[in-house]
Amino acid sequence: MRFHFWHTILLLFYVAVAFLAYAWLSANGKLVSFVPVGDFFLMTLAVQRLVRLFTYDSITQFIRDWFVGAHPDSFFGALGTLINCPWCTGLWFALVIAFFYFATPVIAWYAIFVLALASAASLFQIIANYIG
């Protein structure tokens, strides 16, 4: 098995950011132990839309192009792997969505709602294309 230095660094960075986000939310009384099912569903759709936007959509192709040709063992190669992996990108966006949902619920709610609507509309479009 091969050791990937930059992948390990990015993993440790993710863990550190997640810990700091949790600590900040906890210290400021923003952390709750219950999320309504509707909010969870909308956050899930919002994360899905962000993942789709950054890993597949043509509008963000220029971001993915920054990492094309980077050596796989380099920092940019690791970032390229991250941005092209929906599973990896999903973890980062889930952290961002969850943090802002708890930290600024009123402001984040609008962005989550818009992203969830876009995700649902995309699903309906895929179904329509499949049927027709």
Side-chain angles (χ1 to χ4, degrees):
M1 182 155 91
R2 217 174 135 202
F3 176 75
H4 293 278
F5 176 77
W6 287 111
H7 291 183
T8 305
I9 295 299
L10 287 173
L11 172 65
L12 293 174
F13 180 67
Y14 176 85
V15 170
V17 169
F19 176 77
L20 290 172
Y22 177 83
W24 187 89
L25 290 170
S26 182
N28 288 291
K30 302 273 187 177
L31 201 57
V32 297
S33 60
F34 176 76
V35 174
V37 174
D39 287 1
F40 177 81
F41 183 68
L42 289 177
M43 287 190 292
T44 302
L45 288 173
V47 170
Q48 183 275 332
R49 187 64 200 114
L50 285 171
V51 168
R52 174 78 189 177
L53 178 67
F54 279 88
T55 57
Y56 298 112
D57 288 353
S58 60
I59 196 167
T60 55
Q61 181 66 46
F62 75 97
I63 296 171
R64 293 187 302 278
D65 287 345
W66 292 342
F67 307 105
V68 172
H71 190 276
D73 292 334
S74 69
F75 177 69
F76 285 109
L79 286 178
T81 300
L82 176 69
I83 197 91
N84 285 297
C85 171
W87 304 103
C88 306
T89 308
L91 279 173
W92 284 90
F93 282 128
L95 179 63
V96 169
I97 291 290
F99 177 78
F100 284 108
Y101 173 81
F102 289 121
T104 60
V106 175
I107 297 169
W109 178 250
Y110 179 73
I112 290 168
F113 185 72
V114 168
L115 289 166
L117 281 176
S119 182
S122 297
L123 177 63
F124 290 140
Q125 185 62 48
I126 290 168
I127 292 170
N129 288 346
Y130 182 74
I131 292 172

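- Note on Leu117: it does not cluster hydrophobically with Leu123, by side-chain heavy-atom contacts below 4.5 Å among ILVMFWY residues.
- Side-chain contact between Trp87 and Val51: absent, with no pair of heavy atoms (C-beta onward) separated by less than 4.5 Å.
- Residue Phe67 places its CZ atom among more than 12 non-hydrogen atoms of other residues, nucleotides or ligands, all under 6.0 Å distant.
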- What do the steps show when you test Leu42 against Trp109 for side-chain contact (heavy atoms from CB on, under 4.5 Å), and what is the final call? CA-CA 9 Å; Leu42 289 177; Trp109 178 250; 3.0 Å; yes
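- The environment of OH in Tyr130 is sparse: at most 12 heavy-atom neighbours from other residues, nucleotides or ligands sit within 6.0 Å.
- Of all heavy-atom pairs spanning Tyr101 and Ala108, the tightest one is N-CB, 3.9 Å.
- For Leu12, the CG atom counts as densely surrounded, since its 6.0 Å shell holds more than 12 non-hydrogen atoms of other residues, nucleotides or ligands.
- Taking the six-membered ring for Trp and thresholds of 30 and 60 degrees, Phe99 and Trp24 have ring planes inclined between 30 and 60 degrees apart.
- Screening Leu10, Asp73, Leu11 for a side chain to side chain contact (heavy atoms under 4.5 Å, CB included) with His4, the sole residue that qualifies is Asp73.
- In this structure, the side chains of Val35 and Phe102 come closer than 4.5 Å at one or more pairs of heavy atoms.
- The same ILVMFWY cluster, assembled from side-chain heavy atoms under 4.5 Å apart, contains both Leu50 and Ile59.
- In this structure, Arg64 does not pair ionically with Asp57, as no charged nitrogen and carboxylate oxygen lie closer than 4.0 Å.
- Under the 4.5 Å side-chain heavy-atom criterion for grouping Ile, Leu, Val, Met, Phe, Trp and Tyr, Leu95 is connected to Leu31 within one hydrophobic cluster.
- Taking each heavy atom of Gly77 and Ala70 in turn, the nearest pair found is N-CB, 3.6 Å.
- Taking hydrophobic clusters as Ile, Leu, Val, Met, Phe, Trp and Tyr residues chained together by side-chain heavy-atom distances below 4.5 Å, Val32 shares a cluster with Phe100.
- Heavy-atom contacts from other residues, nucleotides or ligands closer than 6.0 Å to OH of Tyr22 number 12 or fewer.
- Ring planes of Phe93 and Phe54: tilted class, angle from 30 to 60°.
- In terms of heavy-atom proximity, His7 sits nearest to Ala78 at CD2-CB, 3.3 Å.
- No continuous path of hydrophobic side-chain contacts links Phe13 to Val15 [ILVMFWY only; heavy atoms under 4.5 Å].
- Between Ser119 and the options Arg52, Gln48, Arg49, a side-chain hydrogen bond (donor to acceptor under 3.5 Å, both in side chains) holds for only Gln48.
- Here the shortest heavy-atom pairing between Ala46 and Ile112 reads CB-O, 3.8 Å.
- Taking both residues in full, the closest heavy atoms of Gly80 and Asn84 are given as O-ND2, 2.8 Å, listed atom of the first, atom of the second, then distance.
- Within 6.0 Å of CD1 on Ile127 lie more than 12 heavy atoms contributed by other residues, nucleotides or ligands.
- Inter-residue side-chain proximity for Asp65 and Val68 is flagged as met; some heavy-atom pair is nearer than 4.5 Å.
- With a 4.5 Å cut-off on side-chain heavy atoms, Trp92 and Leu82 count as touching.
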